[in-house]
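Here is the structure we will look at, set down as structure tokens.
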Amino acid sequence: MNRKAAVAAATALISATALTGATVSADSAAARSTTHTTRLVLHQTGDHRIGRNSFAGTDRAMSRETGKIVGFDAITGTFNRKTHDAFIQVALALKGGIVVGNVTLHEGVKRFHGPITQGSGAFSGISGTITGRQVGDGTKTFVTLHWQL
């Protein structure tokens with residue numbers, strides 16, 4: 001085997017090993033990244049209008065499965081009078097950290113959805129979605145978080 005062929009063979013072997021290693025790493029990372037679902041019932045504890053189109057509020061977060069208090073949230077939002085939708089920023093404090101997200105509330109159907117944008121503490125590196133619906137007069141809200149770390 002001449003020198004060019006040996007170099008080409010060695011390069012191919014190194015490249016194949018590097019690609020295989022990357023594939024194994026990606027597969028094992030995917031195996032560790034499990035999707036979690038957290039279901040909550042939020043009970044409004046306070047709300048306040050801040051100007052003509054803005055508002056803020058707080059809620060007590062309870063587990064839908066156990067009925068126990070698992071955290072609290074704080075929200076701030078703006079209402080679009082033309083579309084009747086609201087853009088809401090939420091920070092949900094749970095055991096071990098905080099989950100932050102943005103949702104759009106469609107007022108006519110009282111449903112909302114949006115991305116989880118960041119987290120802290122045990123939720124550092126979180127990604128996922130927030131969906132939910134308001135019931136009754138809006139003081140009770142069902143929320144579902146689908147998330148990965």
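Keep in mind that the numbers below use all heavy atoms, side chains included, and drop hydrogens, waters and symmetry copies.
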Should the heavy atoms of other residues, nucleotides or ligands under 6.0 Å from NZ of Lys140 be counted, would the total exceed 12?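 Open.
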Give the cluster check for Leu149 versus Leu92: same hydrophobic cluster or not, with ILVMFWY residues linked at side-chain heavy-atom distances below 4.5 Å. yes
List for me each residue that meets side chain to side chain donor-acceptor pair (under 3.5 Å) alongside [X], sequence neighbours excluded, and say none if there are none.
X	value
Ser54	none
Thr144	Arg64
Arg81	Asn53

Give every residue pair that meets the ring pair (Phe, Tyr, Trp, His ring centres under 6.0 Å) criterion with at least one member in residues 126-149, sequence neighbours excluded.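 Residue pairs passing ring pair (Phe, Tyr, Trp, His ring centres under 6.0 Å), neighbours aside: His36-Trp147, Phe123-Trp147.
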Mind jotting down which residue pairs meet the side-chain hydrogen bond (donor to acceptor under 3.5 Å, both in side chains) criterion with at least one end in residues 121-132? Sequence neighbours excluded, please. Ser127-Gln148
Report the hydrophobic cluster partners of Phe87, with the cluster defined as I, L, V, M, F, W, Y residues connected by side-chain heavy atoms closer than 4.5 angstrom, directly or transitively.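 Result for Phe87 is none, singleton.
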Note: with side-chain heavy atoms under 4.5 Å as the link, the other cluster members for Ile50 come out as none
Between Thr45 and His43, is the side chain to side chain contact (heavy atoms under 4.5 Å, CB included) condition met? List the steps. CA-CA 6 Å; Thr45 57; His43 294 276; 5.7 Å; no
Minimum-distance pair of heavy atoms, taken over all atoms of Asn102 and Gln89: OD1-CG, 3.4 Å
Work out which heavy atom in Ile130 is nearest to a heavy atom in Gly101; give both atom names and the distance. CD1-CA, 3.9 Å
So, using side chain to side chain contact (heavy atoms under 4.5 Å, CB included) as the criterion, who are the partners of Thr141 when residues are at least two apart? Leu42, Phe112, Gln134, Val143
To the nearest 0.5 angstrom, please state how far the OG1 atom of Thr104 sits from the CG atom of Asp85.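 Taking OG1 in Thr104 and CG in Asp85, the distance rounds to 7.0 Å.
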Quick one, Arg133 and Arg111 - any side-chain contact, counting heavy atoms below 4.5 Å?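 Yes, at least one pair of side-chain atoms sits under 4.5 Å.
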Side-chain polar contacts of residues 115-122 - donor-acceptor pairs under 3.5 angstrom, sequence neighbours left out - could you list them?
| unit_1 | atom_1 | unit_2 | atom_2 | d |
| --- | --- | --- | --- | --- |
| Thr117 | OG1 | Val100 | O | 3.2 |
| Ser120 | OG | Ile98 | N | 3.3 |

Check: residues 69-78 side-chain donor-acceptor pairs under 3.5 Å, at least two apart:
| unit_1 | atom_1 | unit_2 | atom_2 | d |
| --- | --- | --- | --- | --- |
| Asp73 | OD1 | Asp59 | N | 2.8 |
| Thr76 | OG1 | Phe55 | O | 3.4 |

Residues that His106 engages under ring pair (Phe, Tyr, Trp, His ring centres under 6.0 Å), provided they are two or more places apart: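 Partners of His106 by the ring pair (Phe, Tyr, Trp, His ring centres under 6.0 Å) criterion, ordered by chain and then number, come out as His113.
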